[in-house]
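I have placed the structure first, in the form of structure tokens, so that the comments after it can refer back to it.
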Number of protein chains: 4
Amino acid sequence: MATPVYSGATRTPQRGRPRDASRDDALRQAALEVMAEVGYRALTMDAVAARARAGKATIYRRWESKLDLVIDTCTQLAQQNLAEPDTGSLAGDLREFLSAFAAFLSGPVGKAAQALVGELPHEPELASAFRGTFLTAQRDVLRRILDRAEERGELRQDAPRGMAVEIAGAALIYRLMLTGDPLDLPFVDRVVEQVLMPLVAKGQ
Amino acid sequence: MATPVYSGATRTPQRGRPRDASRDDALRQAALEVMAEVGYRALTMDAVAARARAGKATIYRRWESKLDLVIDTCTQLAQQNLAEPDTGSLAGDLREFLSAFAAFLSGPVGKAAQALVGELPHEPELASAFRGTFLTAQRDVLRRILDRAEERGELRQDAPRGMAVEIAGAALIYRLMLTGDPLDLPFVDRVVEQVLMPLVAKGQ
Amino acid sequence: MATPVYSGATRTPQRGRPRDASRDDALRQAALEVMAEVGYRALTMDAVAARARAGKATIYRRWESKLDLVIDTCTQLAQQNLAEPDTGSLAGDLREFLSAFAAFLSGPVGKAAQALVGELPHEPELASAFRGTFLTAQRDVLRRILDRAEERGELRQDAPRGMAVEIAGAALIYRLMLTGDPLDLPFVDRVVEQVLMPLVAKGQ
Amino acid sequence: MATPVYSGATRTPQRGRPRDASRDDALRQAALEVMAEVGYRALTMDAVAARARAGKATIYRRWESKLDLVIDTCTQLAQQNLAEPDTGSLAGDLREFLSAFAAFLSGPVGKAAQALVGELPHEPELASAFRGTFLTAQRDVLRRILDRAEERGELRQDAPRGMAVEIAGAALIYRLMLTGDPLDLPFVDRVVEQVLMPLVAKGQ
DNA sequence: ACATAACCGAGACGGTACGTCGCGTCTTCTA
DNA sequence: TAGAAGACGCGACGTACCGTCTCGGTTATGT
């Protein structure tokens, strides 16, 4: 699930016409466009196929379902957009990363992610895929930011790092998906100054 | 939307056979059961009607759509389950309320709520209904808990109360909907002690 | 198979909305039109549904397949068009009936019947339905024509009536379906005078 | 259409690897087997290719379509199986030829031919190919049988030879394709004695 | 001898129709 | 008039087959 499986590694000598890898991108692009226009619920495989000038079978050859296509489209985008900052200070890194993440979530991917979240409870495979990519990618960056802060001596000794990582993600996701309030810079600043820094930084 | 509309106010003197109010509960109960079993996406109106031994028209007479039925079912449950605690201390109130809320979310309503969240971006009416009930109900309780703490002099002067309310909800929802980690008592305790109390309470 | 089965005889008290019998006719009419335009092979259920402004499910509720729909459409037409002649003489009756039958087969129903014939070997139910209606209807008329001729003393004593009936049908069908030569009045006359009359009539 | 087109006449000097002529037979054999098993309608090119362990392109290099493949398969068989008898008497020749033809039609080719007949009205090329081979081959044999009978003085002067040929074919085809009654020897005998001989032979 | 060109098996591709399912509405009978 | 039952128009689903194409690999010929 989640990524087109024909990577080639486990495929014997290559018989028959090989899959056209460029169709992957065209289909992902089409999926993203359609989703941005009409949303996840109203996204139909026919629409994606038509926009990419592809047959539906070509989609189903690569992804098992609408969900699978969408999650793959999103995680691929996530991996390209979650750059790791290094400003030299904990507060700077947090601000940098969280504001970039907030901007990313405010785009079409945010809507898609939200739609996916609704499917997690009844789709275990999707859930583990989603958590293994979207979620851990973001948490790992935050963990490394805290690691570097520790090396610089910025952290308290007993800093609850896991909780900090969790709260950082939670604050953004909650706004995005539940309250609908804007994920803007002032909000990120307040989260960093009022919540995260007091939680882990020295002498606050 | 959201609540059965036949409350009587706008309906002319009442001619013909009156609606059987007990069908409301039967249908909500059926909806909850079906949703707990197969999830929101796979819930069909036919299934709900069949389980309640009702006709589909009977459902559509009361709710406008599948979404409307589900949101109403959930908010009604929420209103019954969000009791307001009064233990005499801020930490006690928070612990009490958040653990009760966590327990509530861990049940079938949690799954349903999660499913609804996926629909919010493309269903503005649903979104405002959801926020106007599920969300504000919980936030109001938290606000009143903080109010009482202030009266008792437990709060710092500049305590960011809005942020505290937001973080409290976010921490729970994030676990419930994103990470899937358990919403247990130790977690609630850690949120209260490590995050919320330092954020708003005096002399921490 | 072959005819909409909801005739009512075996259906308990009638629960729910009854089938709209006028849809039957509309769908049969649409099927006939589409078949006349594009032929049996190119006839699609979507096209029939669209022309009758019906949903495909409405078709499948009444007929099991494209074949079933078409055979029903044709046999109904056959029953309406195979009038029994009574001119007072064997030759007259044969001429009358066979020319009417030839005219009927020369229309759209002929093409449809031909298409159906191609399916008979692998569709036993269809075969028995086809033979039980289309075929026997026509054979029965011929048999009765011979019966009346016998009463009038026109038949030879040892007339091979079964063979006469069979050859009459065969001559027409062979032209229609195999050679494609015209099923016109001169041909019918020659069949009657050269083949059928010598076969069964006295003193020829 | 109808026969593999690479006969060589119109093809430039022959460059590259020449076609493997043995694939023709393998593919025709596979087509015949599949058709005998599932019928014409359910015959798919993929199935034929798979059974012959051939690629689909190999089929389409030789025949233009499914129909083309099937008609070629059948006419080739027809040409091999319609031997011309010479018993010395009209009745003997007719009996001999028609019983051989009946036996041939009772095999898988009969089913295939029937399937093809269903396609004739909407496939003019197929129709003329079918009539130009299957049909005329059989009619020519019958005509020559009548010619020899005339030379022996067995025919009436005004014998309607065309009608005799037509009725002979019609009687068999009608049973085969319409009524489904057996094409056995007694039936052939009765057709010869009761219908054909009286129609054309002297002194009957 | 060896490049050339057409062959071959395999299977991906764009497309069309399939038969099913769910939606929300409408229409019957029964209470 | 409400309610149960279920037919209705609509539209998306995921599958199957069409006929074409593109691979890697094979096999005769023509330079």
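Please read these numbers as outputs of a predicted model, since none were measured by experiment. Sequence lines set the chain letters: A, B, ... in the order given, protein chains first and strands last, and positions in each chain run from 1. Only this structure's heavy atoms are used, side chains among them; waters, hydrogens and symmetry mates stay out.
Taking D:Ala112 as the reference, D:Met35, D:Cys74 meet the side chain to side chain contact (heavy atoms under 4.5 Å, CB included) condition, with sequence neighbours excluded. Scored by the ring-ring contact (aromatic ring centres under 6.0 Å, His included) test, B:Phe130 finds B:Phe134 as partners (sequence neighbours excluded).
Residue A:Arg53 has no polar side-chain atom (N or O) positioned under 4.0 Å from OP1 or OP2 of E:dC13.
Residue A:Gln76 holds its CD atom at 12.0 Å from CD1 of A:Ile71, rounded to the nearest 0.5 Å. Distance check, rounded to the nearest 0.5 Å: CG of B:Leu77 to OG1 of B:Thr133 gives 11.5 Å. Note that the CG atom of B:Leu32 and the CG atom of B:Leu69 stand 10.0 Å from one another [nearest 0.5 Å].
What separates CH2 of B:Trp63 from P of E:dC23 is a distance of 15 Å, to the nearest Å. For the pair D:Arg23 CZ and E:dG9 P, the interatomic distance rounds to 5 Å; values are reported in whole Å. The CG-P distance, from B:Leu69 to E:dG24, rounds to 11 Å in whole Å. Here the C1' atom of nucleotide F:dT22 and the CG atom of A:Asp20 are 10 Å apart, to the nearest Å. Atom CZ of C:Arg19 and atom P of E:dC29 are 16 Å apart (whole Å). Straight-line distance from the CG atom of A:Leu27 to the C1' atom of E:dC13: 11 Å, rounded to whole Å.
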Might you list the N or O atoms of the protein lying below 3.5 Å from N or O atoms in nucleotides 16-19 of chain F, with each pair's distance?
unit_1 : atom_1 : unit_2  : atom_2 : d
F:dC18 : OP1    : D:Met45 : N      : 3.2
F:dC18 : OP2    : D:Met45 : N      : 3.0
F:dC18 : OP2    : D:Asp46 : OD1    : 3.3
F:dG19 : OP2    : D:Tyr60 : OH     : 2.5
F:dG19 : O5'    : D:Tyr60 : OH     : 3.3
F:dG19 : N7     : D:Lys56 : NZ     : 3.3
F:dG19 : O6     : D:Lys56 : NZ     : 3.0

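If C:Gly16 and D:Thr58 are placed on DNA chain E by their nearest nucleotide, the residue sitting closer to the 5' end is D:Thr58.
Ionic pairing of D:Lys111 and D:Glu37 is not present here: no N-O contact between side-chain nitrogen and carboxylate oxygen is shorter than 4.0 angstrom.
Nearest to the side-chain atoms of A:Arg17 among the listed nucleotides F:dG3, F:dT22, E:dG14 stands F:dT22.
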